[in-house]
Amino acid sequence: MNLPASIRAYRALTGLAAPLLPVILDRRARAGKEDPERRHERLGRPRIRRPEGRLIWLHGASVGESLVLATLVDRMATGDPELEFLVTTGTVTSAKLMAKRLPPQAKHQYIPVDTPGAVRRFLDHWQPDLGIFAESELWPNLLVEARHRAIPMALVNARMNAASLTRWRRRGDAVRSLLDTFAWIGAADTRTRDGLEDLTGREIVLAGNLKLEARAPEPDAGELSALESVIAGRPVWLAASTHAGEDETVLSAHELVRKTQPGALLILAPRHPERGPALAELVRARGFHLACRSKGEVPDGQDTVWLADTLGEMSLWFALAPAAFIAGSLKAGIGGHNPIEASQAGACVITGPHVDSFDDIYTAYRDHAAMLEVDDALTLSEAVEQVWQGRAPGKAVADRAIAAASGGAMATTLAALHSLLAPDAESEATT
């Protein structure tokens, strides 16, 4: 394989860095970013056996991608119960989610760190019959080694914002070489399709956005009922996946809300729960009474903010709050977060203006008047009250927006994956 010089250099440098991996992983584990009990997986040393039969390997970076992959697993397993599945992700949060979400014939592992040795050990052990990557995960060593082994590969739900495409164009030769690994690429939106066609010089399928057909796990019914009893009668709203620099605006909005609704409760769910202690200080400094979910606390009548500083419980918060501000959208440079789970739970989506990472979804929401848009504390507080007053878009409107944006992505993607897994299936079907 004739690799571009930049990829050869990357492979050499990552090989030289391999002896440092244990130290780096230990440091990340102390920061809560790695599971110390499963560090061996990151080194490409799995401790569970490969199952017999055909194995489908699916990889996604984090929670959103892993939900897409879990939905693909469900659909592929229904079509062929003999298939086995390996799902890899890179975050602690996604690993916990997959433990709850995946069916029995699917196993979760952490993706190996992208060094030649770790990747070779991983692929030698698992020997997948088909590899499926989600969105924009292009790990050079993984892809190069998969191509060496002639593993059929697909890139599903490919999604790149304008900034990502610009960065990829600057590394044109390297990106083209990596994308050549994929026998099939399905783009989630027209921007990505056009950008990838320009980069690769090949036709890219506009499959549609798989995230619109992925479902998060339902919250535990007993726990949901208990929490509904705790906050019964209080007007509740949620600030979901907030980033540093947004919390101040959210708290200012809550101050405004409480002028007309003194009993209002804000569920504040940071994108990164490790920010919990700093957020608790900020909340108290602003004069709010606080309950911390990570300490097992539930809000009493005096608490006005519930800090949801835990992992894997967003489905609970969406089910509890009729108004859900989807953060990452007040500050430029983050790109917003996926609103689908909120809508599926029946919450009204409120968003800021900066949603370029999900602009196809938000465009559909905007076209169907399925969300409320805000840009500061005042408009955020007004949107929350609009929801409470019953003057905001309902679930049926959001469902229509989601259906319009999907475009049959799941059916298109499953047909392509089936073809890659059994190349003669289509010819047999037509004879």
Side-chain angles (χ1 to χ4, degrees), residues 1-18 57-62 64-65 68 88 90 111-116 118-120 123 130-211 332-336 354-360 363 409 412-413 416-417 420:
M1 186 189 308
N2 187 19
L3 296 174
S6 57
I7 294 181
R8 294 199 304 272
Y10 173 88
R11 286 170 61 77
L13 288 171
T14 52
L16 291 172
W57 165 39
L58 306 95
H59 173 67
S62 190
E65 295 87 344
V68 167
T88 58
I111 193 72
V113 178
D114 198 49
T115 64
V119 166
R120 289 187 191 113
L123 291 175
L130 172 64
I132 302 168
F133 277 35
E135 300 213 359
S136 58
E137 282 284 284
L138 299 184
W139 290 109
N141 286 316
L142 265 175
L143 295 178
V144 168
E145 294 296 337
R147 199 150 87 186
H148 277 321
R149 290 164 171 75
I151 300 169
M153 298 290 291
L155 180 61
V156 304
N157 212 50
R159 291 176 52 84
M160 270 68 70
N161 59 29
S164 296
L165 285 169
T166 297
R167 288 194 296 270
W168 280 24
R169 289 188 187 99
R170 292 182 188 137
R171 302 171 176 85
D173 288 346
V175 170
R176 273 191 295 275
S177 177
L178 297 176
L179 290 172
D180 281 346
T181 304
F182 298 107
W184 186 82
I185 298 175
D189 52 54
T190 54
R191 176 187 58 213
T192 302
R193 181 203 55 193
D194 295 346
L196 291 183
E197 287 186 341
D198 181 54
L199 271 167
T200 64
R202 60 191 264 203
E203 183 176 352
I204 302 296
V205 176
L206 178 59
N209 193 340
L210 287 173
K211 280 188 174 177
I334 299 171
H354 303 290
V355 292
D356 51 296
S357 290
F358 296 89
D359 60 356
D360 57 328
T363 295
T412 299
T413 301
L417 297 178
L420 289 177

Point to revise | Least distance between heavy atoms, A134 atom then L155 atom | key: C-CD1, 4.3 Å
Check your understanding: Once you round to the nearest 0.5 Å, how far does CZ of R147 lie from CG of D180?
Key -> 5.5 Å
Exercise for review: Spell out, as yes or no, whether a donor-acceptor pair under 3.5 Å connects the side chain of E135 to the backbone of N157.
Suggested key: no
**Study point:** Working for side chain to side chain contact (heavy atoms under 4.5 Å, CB included), residues V205 and T412
**Key:** CA-CA 9 Å; V205 176; T412 299; 4.1 Å; yes
Check your understanding: What distance separates R193 CZ from M160 CE, expressed to the nearest 0.5 Å?
Key -> 13.0 Å
Check your understanding: Would L196 and R202 satisfy side chain to side chain contact (heavy atoms under 4.5 Å, CB included), going step by step from the backbone distance to the final call?
Key -> CA-CA 8 Å; L196 291 183; R202 60 191 264 203; over 6 Å; no
Check your understanding: How far does CZ of F182 sit from OG1 of T200, to the nearest 0.5 angstrom?
Key -> 12.0 Å
Revision key, fill the gap. Closest non-hydrogen contact found for T192 with A158 is CG2-O, 3.3 Å
Practice item. Look only at the side chain of T181 and the backbone of L178, and say whether a donor-acceptor pair between them is shorter than 3.5 Å. Key: yes
Practice item. Might you confirm whether atom CH2 of W139 has over 12 heavy atoms from other residues, nucleotides or ligands at distances under 6.0 Å? Key: no
Check your understanding: If every non-hydrogen atom of P152 is compared with every non-hydrogen atom of L130, which pair is closest and at what distance?
Key -> O-CD1, 3.3 Å
Revision key, fill the gap. Result for side chain to side chain donor-acceptor pair (under 3.5 Å) between R191 and one of D356, D359, N161 points to D359
Exercise for review: Output the distance between atom CG (L199) and atom CZ (R171), rounded to the nearest 0.5 Å.
Suggested key: 12.0 Å
Exercise for review: Any chance you could lay out the side chain to side chain contact (heavy atoms under 4.5 Å, CB included) test for V175 and R167, step after step, and finish with the verdict?
Suggested key: CA-CA 10 Å; V175 170; R167 288 194 296 270; over 6 Å; no
Check your understanding: Quick one: does S136's side chain get under 4.5 Å of W168's, heavy atoms only?
Key -> yes
Check your understanding: Between E137 and I111, is any pair of side-chain heavy atoms under 4.5 Å apart?
Key -> no
Revision key, fill the gap. Minimal heavy-atom distance between L138 and P140, with the atoms involved, is O-CD, 3.2 Å
Check your understanding: How far does CG of D194 sit from CG of L165, to the nearest 0.5 angstrom?
Key -> 9.5 Å
Exercise for review: Evaluate the side-chain proximity of L3 to V144: yes if any heavy-atom separation is below 4.5 Å, no if none is.
Suggested key: yes
Exercise for review: List the steps and the verdict of side chain to side chain contact (heavy atoms under 4.5 Å, CB included) for R120 and H148.
Suggested key: CA-CA 10 Å; R120 289 187 191 113; H148 277 321; over 6 Å; no
**Study point:** Passing candidate, side chain to side chain donor-acceptor pair (under 3.5 Å) with T14, options N141, T115, D114
**Key:** N141
Review point. Stepwise, does the salt bridge (Lys or Arg N to Asp or Glu O under 4.0 Å) test hold for R159 with D360?
Key: CA-CA 10 Å; R159 291 176 52 84; D360 57 328; 3.1 Å; yes
Practice item. Ignoring hydrogens and angles, tell me if any N or O in the side chain of H59 forms a donor-acceptor pair with the backbone of T88 under 3.5 Å. Key: yes
Point to revise | Nearest heavy atoms of L420 and A154, plus distance in Å | key: CD1-CB, 3.7 Å
Review point. With distance as the sole test, does S177 use its side chain to make a donor-acceptor pair with the main-chain N or O of A174 at under 3.5 Å?
Key: no
Review point. Which value, rounded to the nearest 0.5 Å, describes the distance between I132 atom CD1 and L417 atom CG?
Key: 4.5 Å
Point to revise | Residues F133, W57; criterion ring-ring contact (aromatic ring centres under 6.0 Å, His included); working and verdict | key: CA-CA 8 Å; F133 277 35; W57 165 39; 5.3 Å; yes
